[in-house]
Amino acid sequence: MAPRNLAAASPKAKAGALCRGCGGAVDAHAGACPSCGGRRILRHPELFSLSVAHVDCDAFYASVEKRDNPALADRPVIVGGGRRGVVATACYIARTYGVHSAMPMFKALKACPDAVVIRPDMAKYAEAARRIRALMESLTPLVQPVSIDEAFLDLTGVERLHKAPAAVSLARLQARISSEVGVTASVGLSCNKFLAKIASDLDKPRGFSVIGRAEAQTFLADKPIGLIWGVGAALSRKLAADGLRTIGQLQTADPGELARRYGEIGLRLSRLARGEDDRPVNPERDAKSISAETTFETDISERGALEDSLWPLCEKVSRRIKEQGLAGRVAVLKLKRADFSTLTRRTTLDHPTQLAGTLFDTGRALLAKAHDGAPCRLIGIGLCDLEDAAVAGQPELFAPDDARLAAREAALDALRAKFGARVIGTGRGLKKPEQG
Ligand code: DCP
Ligand code: MG
């Protein structure tokens, strides 16, 4: 499996080629791999100078099931059912019948009556995921898990350690996931997370795709705007109504005009359309929740006063969650009464959020349910069930209805960054200075 030609594997190599059979680096002009004789050679001028990757397992739950029951290898397999009665995933054979994730099971079975249906066994999938994660972490400390079967990896600077460019290490990783865990994965290699994520999806299953810096704009130009993370159906419709359908149209639109029309989101779309994404691969995913609380100097029993004290806390949580590039799906409110009894109330949001306004509205609703008029000595609010904001899709940030709210918060954040957190407040934040 080791690359035979380390000279070609040097990070400085101009053009690179990789044998898709054994994962070894080969000479860019070789017709066949000198190591395994394979003829599936991946060539790309930037192959050995790119180091940000997205790795995503193929039909993950179904692959684990096939691994554990070889008799299923050539059968269409659907994992799902149970309480929700929908398809969690379908193997690539079942997909040829049109079966896909989130499809109601009855529809899936109509499309593919011969499918073998298996109930999900999460413990088994989590175990496979842990082993895959460990293999990734043996390559680089910069592993950012996105979901159970996918992660971003930044291999910048570890080429010397592995005596191989990132592409070769990734091909080896792909081979080890297959031989040691028994499932297959697809790799997307590029210069940033946005492009790497798109790349990993281009050649599934067992794919290895590269999007280079030089080709990014051209590659993206004719793709629909919906390919951009977080651009859901609603925003796509709004952009289409304004005549914007392809990423190429975003590339040629004036960024200032996009900002004026869509706020911060417009600017972000403009940058992504040009293949620019400077978010780092962030392995710091330890924080299970982000919260803030305040203890009052004197107990408060009046609802309005409690609400006023909630707002700066929401701003604080929002600021911290934005700094970490995360979004939370569950909001939690905490009240400590004067008698020191504590109560917490939580609610799951429709979409993960990082907005102070959304958190405040949710917190206020929870407060209305939880607070019985008793004097309180402390109030706290937080977000948990955290996800990477970009990968979570930020449907809320991108939903046209909330776009103004998001743009306004982005503007306030920018002012705070410039002048300090305490200088800029909203009417609500200024009404009652933060305590505790
Ligand atoms: N999953 C789920 N419900 C969904 C989507 C996914 O339960 N609506 C589960 C089952 C998948 C796993 O998460 O196996 C990983 O999700 P992916 O989106 O990566 O899908 P797959 O790995 O199954 O297929 P692909 O090869 O397209 O990545
Ligand atoms: Mg997958």
Side-chain angles (χ1 to χ4, degrees), residues 284-387 389 396-397 402 404-406 408-436:
E284 305 297 334
R285 299 298 306 280
D286 291 339
K288 295 267 186 293
S289 69
I290 291 180
S291 60
E293 58 183 40
T294 183
T295 304
F296 309 124
E297 273 159 25
T298 52
D299 298 341
I300 296 180
S301 47
E302 199 241 317
R303 177 84 51 83
L306 285 171
E307 283 182 6
D308 287 344
S309 63
L310 202 54
W311 175 253
L313 300 177
C314 293
E315 287 195 306
K316 198 188 233 178
V317 170
S318 169
R319 191 167 65 242
R320 284 171 52 200
I321 207 164
K322 283 171 185 165
E323 279 165 3
Q324 296 186 39
L326 300 172
R329 192 179 283 277
V330 174
V332 184
L333 177 85
K334 176 175 157 188
L335 279 178
K336 198 180 266 184
R337 299 191 189 92
D339 64 3
F340 282 85
S341 61
T342 301
L343 59 89
T344 55
R345 293 285 180 271
R346 58 175 53 222
T347 190
T348 301
L349 307 167
D350 289 341
H351 309 296
T353 192
Q354 48 174 211
L355 298 182
T358 303
L359 182 59
F360 178 75
D361 290 343
T362 312
R364 195 161 53 166
L366 288 173
L367 183 65
K369 279 193 216 149
H371 183 237
D372 53 8
C376 295
R377 64 189 319 272
L378 173 149
I379 191 166
I381 184 115
L383 282 164
C384 58
D385 214 339
L386 305 180
E387 299 172 38
E396 177 192 52
L397 282 187
D402 288 325
R404 270 187 37 237
L405 179 61
R408 182 172 160 275
E409 284 204 21
L412 284 172
D413 291 342
L415 288 170
R416 281 190 196 102
K418 199 164 172 188
F419 297 111
R422 301 208 164 266
V423 176
I424 312 293
T426 62
R428 191 171 261 134
L430 292 173
K431 189 170 159 190
K432 187 146 190 145
E434 191 174 335
Q435 296 168 298

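- Of the inter-residue distances, the one linking R329 atom CZ with H351 atom NE2 reads 9.0 Å to the nearest 0.5 angstrom.
- The two residues T353 and I321 make their nearest non-hydrogen contact at O-CD1, 4.2 Å.
- No side-chain heavy atom of K369 sits less than 4.5 Å from a side-chain heavy atom of R345.
- Put simply, the side chain of R320 gets close to the backbone of S291: a donor and an acceptor are under 3.5 Å apart.
- No donor-acceptor pair closer than 3.5 Å links the side chain of S301 to the backbone N or O of A374.
- Two residues are said to be in side-chain contact when any heavy atoms from C-beta on lie closer than 4.5 Å; L343 and R337 meet this criterion.
- Shortest non-hydrogen contact noted between A331 and L366 is O-CD1, 4.0 Å.
- Here NZ of K336 is found 11.5 Å from SG of C376. Values are rounded to the nearest 0.5 Å.
- Taken to the nearest 0.5 Å, the CG atom of L306 stands 5.0 Å off from the NE2 atom of H371.
- Considering all non-hydrogen atoms of both residues, K316 and A292 come closest at CD-CB, 3.6 Å.
- Contact check for T342 versus L378: no side-chain heavy atoms found under the 4.5 Å cut-off.
- Residues S289 and V332 form no side-chain contact, since every pair of their non-hydrogen atoms from C-beta on lies 4.5 Å or further apart.
- For the pairing with F296, the side-chain contact (heavy atoms from CB on, under 4.5 Å) check across T294, D299, T298 returns one residue only, T294.
- You'll find the side chain of T362 stays beyond 4.5 Å of the side chain of I381, heavy atoms only.
- Considering only heavy atoms from C-beta on, L326 stays 4.5 Å or farther from Q354 through its side chain.
- V317 places none of its side-chain heavy atoms less than 4.5 Å from the side chain of F360.
- Taking NZ from K334 and CG from L367, the interatomic distance works out to 15.0 Å, rounded to the nearest 0.5 Å.
- Here CG of L359 is found 4.5 Å from CG of L383. Values are rounded to the nearest 0.5 Å.
- Of all heavy-atom pairs between L333 and A370, the closest is CD2-CB, 4.5 Å.
- Once rounded to the nearest 0.5 Å, the distance linking CD of E293 with OG of S309 reads 11.5 Å.
- In this structure, A327 and P352 approach most closely via the heavy-atom pair CB-CB, 3.7 Å.
- No more than 12 heavy-atom neighbours from other residues, nucleotides or ligands sit within 6.0 angstrom of CZ on R346.
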